[in-house]
S.K.: 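My structure is below; once you've seen it, I'll send some questions.
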Amino acid sequence: MIQLNYRDSKPIYEQIRDGFRRLILSDSLSANEQLPSVRELASRLAINPNTIQKAYRALENDGYIYTVAGKGSFVAEQKAVFDNRQHELLEEFDEIVTKLSFLSVRKTDLLERIDSLTGGGGEE
């Protein structure tokens, strides 16, 4: 399910969060599917339950999962997940385009790059 790399500079909770995000976005985990409990996953990965809780909290804040008191954590509906991810990526895109414009990259160069990445079939 989730693979941890203890040599990675990325914190363990982020690796767990990213692992679940990949599973959710690839549809390996379906909407409303229950995630392992914090204790169960902590035991399986041999890490502190607080680390799992932190990852689950981040996933919930990002809209990937929801929690039902006394029942556990569940995968959110795909539309909400995809909408959240699209919003995140568009914000990153805006930041990158802003930085590139500060570096005097021309708009036409950016548009050509977008066309080449999308197969040139983009609408204007």
S.K.: Going only through I, L, V, M, F, W and Y residues with side-chain contacts under 4.5 Å, is there a path from Y13 to L23?
M.R.: no
S.K.: So does R85 pair up with D62, basic N to acidic O under 4.0 Å?
M.R.: no
S.K.: Between Y56 and F20, how do the two ring planes meet: parallel, tilted or perpendicular, split at 30° and 60°?
M.R.: perpendicular
S.K.: State whether D83 and K79 are salt-bridged, where the test is any N-O pair (Lys NZ or Arg NE/NH1/NH2 against Asp/Glu carboxylate O) under 4.0 Å.
M.R.: yes
S.K.: Side chains of V68 and F74, heavy atoms from C-beta outward: is any pair under 4.5 Å?
M.R.: yes
S.K.: For S30 and E33, what are the C-alpha separation, side-chain angles and deciding distance, and is it a side chain to side chain donor-acceptor pair (under 3.5 Å)?
M.R.: CA-CA 6 Å; S30 53; E33 185 173 338; 3.3 Å; yes
S.K.: Tell me every residue that passes side-chain contact (heavy atoms from CB on, under 4.5 Å) with T67, counting only those two or more places apart in sequence or in another chain.
M.R.: E60, S73
S.K.: Does some side-chain heavy atom of L59 sit less than 4.5 Å from a side-chain heavy atom of I16?
M.R.: no
S.K.: Around R113, counting heavy atoms of other residues, nucleotides and ligands shown, do more than 12 lie under 6.0 Å from its CZ?
M.R.: no
S.K.: Specify the closest pair of heavy atoms between I2 and G19, including all atoms of both residues, with the distance to one decimal.
M.R.: CD1-C, 3.5 Å
S.K.: Do N48 and I12 have side chains that get closer than 4.5 Å, going by heavy atoms?
M.R.: no
S.K.: For residues R17 and A58, report the shortest heavy-atom separation together with the two atoms involved.
M.R.: CD-CB, 3.9 Å
S.K.: Are H87 and L90 side-chain neighbours, meaning at least one heavy-atom pair lies under 4.5 Å?
M.R.: no
S.K.: Check whether any side-chain heavy atom of L29 sits under 4.5 Å from a side-chain heavy atom of Y64, and report yes or no.
M.R.: no
S.K.: Taking everything shown except Y6 itself, do over 12 heavy atoms lie less than 6.0 Å from its OH?
M.R.: yes
S.K.: Under 6.0 Å from the CZ atom of F93, do we count more than 12 heavy atoms belonging to anything else shown?
M.R.: no
S.K.: Verify whether one side chain among N32 and E77 offers a donor that lies under 3.5 Å from an acceptor in the other.
M.R.: yes
S.K.: Any donor-acceptor pair under 3.5 Å linking the side-chain atoms of S43 with those of E40?
M.R.: no
S.K.: What I'd like to find out is whether the side chain of N50 reaches to under 4.5 Å of the side chain of V38, using heavy atoms alone.
M.R.: no
